[in-house]
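Following: one structure in structure tokens, then a few remarks.
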Amino acid sequence: MIFQTLDDKSDCVGMYVDGKLHFDDFPSNLTKTWKYTGSIVDSDIEYAWLRCGGQSLKQACPEELIEEWRRLQRRFEAYLKSFRIGKISMREHCFFDLVPNDFLQQFCEAKNQITEYVFENYEKPENYEHLDKVQKLLYKIKYRDLNISSENSKSLFYKTHIRERAQKLLKGSKHIDYNLFGTVTGRLATNTSSFPILTMMKELRKLVKPHNDWFISLDYNGAEARTFLALAGKTQPQEDIHEWNKNNVIRKKDLTRDEMKTIFFTWLYSPDEHIALKNSIYNKADVLEKYYIDGRVNTPFKRSIIVDDRKALNYLVQSTTADLVLDKAVEIDKFLQDKKSFVSHIVHDEIVLDMVDDERELIVDIKKMFAENILGNYLVNLKAGKNYLDLEDLKL
């Protein structure tokens with residue numbers, strides 16, 4: 001049976017089912033809804049939003065319902081505007097407590113019809129299960145505010161352009177609202193209301209502090225290079241990948257690590273072969289023959305991306321790496337579900353944990369968990385710090 005929740009927060013529990021509003025004694029045969037919310041506890045519920053690739057309700061709306069939906073959407077936005085004017089925080093109040101029941105019924109009935117339309121007209125994507133797990137983790141992150149503080153960060157306020165940005169962050173949203181469908185490759189983006197964790201100036205990371213004792217940062221050493229080697233069926237070097245490439249692929253001892261890194265990314269992002277990597281284990285043609293078919297990149301995580309041949313390898317490597325990290329973030333979150341430590345945020349190929357000092361013995365297992373992914377065993381960079389800028393290497 002199709003249903004809709006009346007708010008997206010876990011402590012605001014209400015549902016619309018079969019033409020009625022329910023605030024307790026919910027029907028037990030619920031199967032489909034528009035999108036995941038914190039009040040949904042049944043793992044077997046299916047989501048139309050995932051089926052239609054993250055389209056908005058307006059985008060997914062059938063033509064015969066579009067005028068009615070626009071009318072309801074205008075009324076919905078008018079309510080939200082009035083709440084903003086009245087300085088009513090929607091993160092602290094339940095939506096259904098603030099609007100008339102007749103509007104809730106009309107709005108949810110229209111959502112039901114759009115949901116039903118999507119299920120009837122969109123195939124379930126092959127990577128649905130992966131997307132479902134990731135959306136639930138991103139929901140957790142969204143409803144756990146960051147600790148944004150200027151304490152021990154006075155140096156940020158000495159320069160005007162940095163001071164203004166720092167003050168804006170201190171006054172703005174404290175939560176990260178990731179957009180699961182913000183890029184074609186699956187790499188995370190953020191929505192406009194979000195704390196700008198992906199785009200903020202590096203210096204301003206000093207304002208982001210853990211709720212617990214430490215930030216623990218895990219990322220893959222040379223993630224893109226390692227993903228290419230994995231896709232090519234090659235063994236992962238258990239040392240810095242750019243040093244390894246310098247000594248074993250190009251074999252130029254006088255080359256610096258940064259120069260080798262530049263050569264690799266020039267090669268990855270260019271449709272042409274770089275002379276230094278030509279006829280090496282970095283064979284683009286072999287990998288593309290396996291993963292790029294009929295104008296589509298098909299990744300190990302079952303993403304199918306339409307792309308021209310000039311960008312195909314870049315999309316394949318970036319998409320696969322992004323999904324590797326998201327897959328590991330989900331696994332680590334599950335591992336920590338009964339602990340005080342938690343996944344704070346994700347930035348590209350980095351997972352940042354908000355760690356309790358008493359649980360530091362878990363870091364060994366978490367590092368191993370992160371290293372071992374579906375493509376092999378990647379070398380992991382591990383860092384720790386009291387804020388998100390000043391992270392130092394952690395040796396285990």
Side-chain angles (χ1 to χ4, degrees), residues 8-10 36-38 40-41 43 91 129-149 173-182 186-191 194-200 205 207-220 223 301 321-374 378 380-391 394 396:
D8 68 345
K9 296 181 287 296
S10 58
Y36 174 77
T37 68
I40 298 175
V41 295
S43 60
R91 290 176 67 84
E129 300 303 326
H130 172 65
L131 294 175
D132 186 24
K133 293 175 183 177
V134 174
Q135 73 162 344
K136 291 171 182 174
L137 170 59
L138 299 186
Y139 175 89
K140 281 187 182 181
I141 293 173
K142 177 181 177 180
Y143 279 103
R144 186 186 286 123
D145 283 355
L146 292 168
N147 179 15
I148 310 299
S149 169
S173 297
K174 304 298 189 293
H175 66 280
I176 305 173
D177 185 8
Y178 286 112
N179 184 347
L180 180 58
F181 295 98
R187 203 175 193 186
L188 292 179
T190 53
N191 292 311
S194 172
F195 182 86
I197 195 71
L198 301 178
T199 58
M200 63 191 296
R205 290 182 174 188
L207 296 172
V208 185
K209 298 175 173 65
H211 288 281
N212 294 311
D213 299 302
W214 299 93
F215 275 144
I216 302 297
S217 165
L218 305 103
D219 70 273
Y220 290 133
F301 282 89
T321 302
D323 278 329
L324 283 174
V325 173
L326 292 173
D327 186 56
K328 291 288 99 177
V330 168
E331 186 177 353
I332 293 169
D333 173 67
K334 184 177 180 180
F335 177 74
L336 293 173
Q337 64 182 353
D338 59 346
K339 309 293 191 302
K340 295 178 182 177
S341 303
F342 56 87
V343 175
S344 173
H345 51 279
I346 304 164
V347 177
H348 306 313
D349 66 329
E350 176 191 35
I351 300 173
V352 180
L353 310 179
D354 195 317
M355 203 82 189
V356 175
D357 195 49
D358 290 346
E359 295 174 348
R360 60 186 180 275
E361 73 279 358
L362 300 175
I363 297 173
V364 173
D365 291 333
I366 292 171
K367 181 182 178 182
K368 182 179 179 182
M369 191 183 304
F370 185 59
E372 297 174 352
N373 60 59
I374 68 166
Y378 283 21
V380 173
N381 298 320
L382 186 67
K383 296 182 179 181
K386 291 290 189 177
N387 63 69
Y388 186 39
L389 176 66
D390 301 315
L391 299 172
L394 184 62
L396 296 180

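The figures here come from the full heavy-atom set of this structure, side chains too, leaving out hydrogens, waters and symmetry mates.
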Legend entry - Flag if over 12 foreign heavy atoms under 6.0 Å of NZ, Lys339: yes
Inset, instruction - Using atom types as modelled and distance alone, determine if a side-chain donor or acceptor of Asp177 lies under 3.5 Å from a backbone N or O of Lys142. - result: no
Legend entry - Gap between atom OG1 of Thr321 and atom CG of Leu326 - 0.5 Å precision: 11.0 Å
Legend entry - Electrostatic pair Glu331-Lys334, nearest N-O below 4.0 angstrom: no
Inset, instruction - Work out which heavy atom in Lys386 is nearest to a heavy atom in Asp213; give both atom names and the distance. - result: NZ-O, 3.0 Å
Legend entry - Test of ring centre spacing under 6.0 Å for Tyr378 and Phe370: no
Inset, instruction - Might you point out which heavy atoms bring Val343 and Arg144 nearest each other, and give the distance in Å? - result: O-NH1, 3.6 Å
Inset, instruction - Would you check if the side chain of Ser341 reaches a backbone N or O of Val356 as a donor-acceptor pair within less than 3.5 Å? - result: yes
Legend entry - Donor-acceptor contact below 3.5 Å, side chain Ser10 vs main chain Gly38: no
Legend entry - Shortest non-hydrogen contact from Leu198 toward Leu188: CD1-O, 3.4 Å
Inset, instruction - Let me see the working for Val347 and Asp219 under side chain to side chain contact (heavy atoms under 4.5 Å, CB included), right down to the final yes or no. - result: CA-CA 9 Å; Val347 177; Asp219 70 273; over 6 Å; no
Legend entry - Backbone N/O of His211 and side chain of Asn147: donor-acceptor pair under 3.5 Å: no
Legend entry - Backbone of Glu372 reached by a side-chain donor or acceptor of Lys328 within 3.5 Å: yes
Inset, instruction - Verify, without hydrogens or angle tests, whether Tyr178 (side chain) and Ile346 (backbone) share a donor-acceptor contact under 3.5 angstrom. - result: yes
Legend entry - Heavy-atom check, side chain of Phe181 versus side chain of Leu131, under 4.5 Å: yes
Legend entry - Note, Ile363 side chain near Leu353 side chain (heavy atom, < 4.5 Å): no
Legend entry - Heavy atoms of other groups near Lys367 NZ, more than 12 under 6.0 Å: yes
Legend entry - Considering all heavy atoms, the nearest Gly182-Ala189 contact: CA-CB, 3.9 Å
Legend entry - Backbone of Ser194 reached by a side-chain donor or acceptor of Asn191 within 3.5 Å: no
Legend entry - Distance in Å, Thr37 OG1 paired with Lys136 NZ, rounded so as to fall on 0.5 Å steps: 10.5 Å
Legend entry - Least distance between heavy atoms, Arg91 atom then Asp145 atom: NH2-OD1, 2.7 Å
Inset, instruction - Nearest 0.5 Å please: distance from the CG atom of Asp390 over to the NZ atom of Lys383. - result: 11.0 Å
Inset, instruction - Look at the side chain of Tyr388 and the backbone N and O of Phe215, then say whether any donor-acceptor pair between them is shorter than 3.5 Å. - result: no
Inset, instruction - Report yes or no: does Asp354 contribute a side-chain atom to a donor-acceptor pair with the main-chain N or O of Asn212 at less than 3.5 Å? - result: yes
Legend entry - Lys368 with Asp365: basic N within carboxylate O range, under 4.0 Å: no
Legend entry - Donor-acceptor under 3.5 Å (Glu359 side chain, Lys340 main chain): yes
Inset, instruction - Looking only at non-hydrogen atoms, find the nearest pair between Arg205 and Met200 and report the distance. - result: N-CE, 3.7 Å
Inset, instruction - Answer yes or no: are there more than 12 heavy-atom neighbours, outside Lys174 itself, under 6.0 Å from its atom NZ? - result: yes
Inset, instruction - Measure the shortest side-chain to side-chain distance between Thr190 and Thr199 over non-hydrogen atoms and say whether it is less than 4.5 angstrom. - result: no
Inset, instruction - Quick one: pull up CD1 in Ile351 and CG in Asp333 and give me the separation to the nearest 0.5 Å. - result: 10.0 Å
Legend entry - Spacing of OG belonging to Ser217 relative to CE belonging to Met355, to within rounding of 0.5 Å: 13.0 Å
Legend entry - Spacing of OH belonging to Tyr220 relative to CG belonging to Asn373, to within rounding of 0.5 Å: 4.0 Å
Inset, instruction - Would you kindly say whether Asp8 and Tyr143 are connected by a side-chain donor-acceptor distance under 3.5 Å? - result: yes
